[in-house]
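Have a look at the structure below before the remarks.
Excluded from the calculations below are hydrogen atoms, water molecules and symmetry mates; all remaining heavy atoms, backbone and side chain alike, are included. Computed from a prediction, not measured in an experiment: that's the story for all the values here. Residue indices begin at 1 and follow the sequence shown.
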Amino acid sequence: MSAIRQMEPVRGGPLFRPLSAEDEEQQPDEIESLCMSCYRNGVTRLLLTKIPFFKEIIVSSFTCSSCAWSNTEIQSVGRIQEQGVRYTLAVTARQDMNREVVKTDCATARIPELDFEIPAFSQKGALTTIEGIIDRAVAGLEQDQPVRRAADKDVAGKIDEFIGKLKQLKEVDSSFTFIIDDPSGNSFVESPFAPQKDDALVVTRYRRTSQQDSMLGLEAEETDENPADSVEDLRNEVLQFNTNCPECNAPANTNMKLVQIPHFKEVIIMATNCEACGHRTNEVKSGGAIEPLGTRITLRVTDPSDMTRDVLKVVKNPFTLGDSSTPSRVEKLQEFGRMVYQIMEGHMEAHFILDDPAGNSYLQNVYAPEEDPELKVEHYERTLAQNEDLGLNDMRTEGYESGLTSER
């Protein structure tokens, strides 16, 4: 890294220059280094460059004049990205073979039509083209062919046949699919139409699996991120805790789930089931605090479909059941039931009013996010009695620190 820092004043310009064949000033820096093959000194050439519409990379190339050993690779200057990336390119023309490709060592390259795959960490990272990746694969397969022909002619013949198919791909006589899948998110396939959309190229970003994080050595980072992730996971899980049945006092389980109501807020759904006596209860609570203003929602019921609107409120049954009700009361309830039935059938128009001093009730707006012509929402100041019912008059939300200090 110290060698890279020393290059900056020598260049007299930006450290990472855009990659361009027309830039004559963009030359690699040479550093004398040890050859790991013959342990004599060779030359490492470093090119600090920037891929258009991508990011900065370091291209390194080593050659040894003593043993002729050489090696080329690239390194991403940035860190491992938050998400993995998958590039899927439909190769349909010869010019597609010339697209620049940045393939890191942890990326997987695939051609599904040939069932061909270059696994992760099987090659060093490279700055090349699609044709270059195929040529590199062909060179790797041809490297040990003389030995295979002597040991097993059938296997060598099948590999020769497969090599022929790879070489045929470069002619693009028929379209094929080229896929780069990089969990680190640092690979890249050039789009000649950038920044416009490329119909032949699909870029997909995804969340890594635990196995991929482990492969990249991110297990420690994953542990640090778990507290933040647990908040989001809480919304996707049903929590369960032990309670006692309100009827028989036997041990029971209560399930709790956070649910986001569209165009409203989060609510908590709680359900208790007692296996001892069969008692079941369910309750919906607001996930937020009491609102500063009360809410009055008025719906003009004009169609039977209005009866299917979702409603969130605390329900208390105002009616009495049983044979002990007086005849006059029963008659009134029956008449009321007939009127409700007519409203449900759409034979009678009515107004449904939902008045909640806490401001946490909800009646579905079927036109959301637009206004509903049949729905009226009013916010109002609570009375002293309503604040008393909600327990707000005894709450002290300002200056309570000074009160505690004086008590001490």
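Salt bridge absent: Glu275 and Arg280 never bring a charged side-chain N and a carboxylate O closer than 4.0 Å.
In this structure Arg99 satisfies the salt bridge (charged side-chain N to carboxylate O under 4.0 Å, His left out) test together with Asp96, Asp198, sequence neighbours excluded. In this view, Tyr362 and Phe264 satisfy the ring-ring contact (aromatic ring centres under 6.0 Å, His included) rule, not counting sequence neighbours. With sequence neighbours left out, the ring-ring contact (aromatic ring centres under 6.0 Å, His included) criterion links Phe352 to no other residue. A search for salt bridge (charged side-chain N to carboxylate O under 4.0 Å, His left out) contacts involving Arg110 returns nothing, not counting sequence neighbours. In terms of the salt bridge (charged side-chain N to carboxylate O under 4.0 Å, His left out) criterion, residue partners of Glu349 (sequence neighbours excluded) are, by chain and number, Arg300. By the ring-ring contact (aromatic ring centres under 6.0 Å, His included) test, Phe193 is found to be paired with no residue, residues two or more places apart in sequence or in another chain being considered. Contacts of Gln240 classified as side chain to side chain contact (heavy atoms under 4.5 Å, CB included), with partners at least two apart in sequence or in another chain: Asn253, Asn255. Listed by chain and residue number, Glu30 satisfy the salt bridge (charged side-chain N to carboxylate O under 4.0 Å, His left out) test with Arg45 (two or more places apart in sequence, or in another chain).
If you check the side chains of Asp173 and Gln168, you find a donor sitting under 3.5 Å from an acceptor. For the residue pair Thr243 and Thr254, a side-chain donor N or O sits within less than 3.5 Å of a side-chain acceptor on the partner.
Two residues are said to be in side-chain contact when any heavy atoms from C-beta on lie closer than 4.5 Å; Leu89 and Thr177 fail this criterion. Counting heavy atoms from C-beta on, the side chains of Val138 and Lys167 come closer than 4.5 Å. Taking 4.5 Å as the limit, every side-chain heavy atom of Cys64 sits out of range of all side-chain heavy atoms of Ser37. Ile269 is not listed as a side-chain neighbour of Asn282, based on a closest heavy-atom distance of 4.5 Å or more. Here the side chains of Trp69 and Cys35 are in contact, with some heavy-atom distance below 4.5 Å. Contact check for Met97 versus Val91: side-chain heavy atoms found under the 4.5 Å cut-off.
Closest approach of Ile118 and Ser122 over heavy atoms only: CG2-OG, 3.5 Å. The two residues Ala109 and Ile180 come nearest to each other via the heavy atoms CB-CD1, 3.8 Å. Here the shortest heavy-atom pairing between Glu291 and Gly359 reads CG-O, 3.3 Å.
Relative orientation of the Phe188 and Tyr87 rings is perpendicular, given thresholds of 30° and 60° on the angle between their planes.
Taken from CG in Asn365 to CG in Asp372, the straight-line distance is 4.5 Å, to the nearest 0.5 Å. To the nearest 0.5 Å, atoms OG1 (Thr44) and CG (Asn71) are separated by 9.0 Å. If you take CD1 on Ile353 and OG1 on Thr298, they are separated by 4.5 Å, rounding to the nearest 0.5 Å. Interatomic distance, Gln123 CD to Cys106 SG, rounded to the nearest 0.5 Å: 13.0 Å.
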Below 3.5 Å, can you tabulate the donor-acceptor pairs from side chains in residues 337-347 to any protein atom, sequence neighbours excluded?
{"from": "Arg338", "atom 1": "NE", "to": "Glu335", "atom 2": "OE1", "distance (Å)": "3.3"}
{"from": "Arg338", "atom 1": "NH2", "to": "Glu335", "atom 2": "OE1", "distance (Å)": "2.6"}

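Judged as a ring-ring contact (aromatic ring centres under 6.0 Å, His included), the pairs with a partner in residues 92-135 (not counting sequence neighbours) are, in order, Phe116-Phe162. Under the salt bridge (Lys or Arg N to Asp or Glu O under 4.0 Å) criterion, the residue pairs touching residues 116-132 are Arg94-Glu131, with sequence neighbours excluded. The salt bridge (Lys or Arg N to Asp or Glu O under 4.0 Å) pairs that include a residue from residues 353-368 are Arg296-Asp355, where partners are two or more places apart or lie in different chains.
Using a distance-only test at 3.5 Å, with no hydrogens or angles considered, a donor-acceptor pair links the side chain of Asp182 to the main chain of Ser187.
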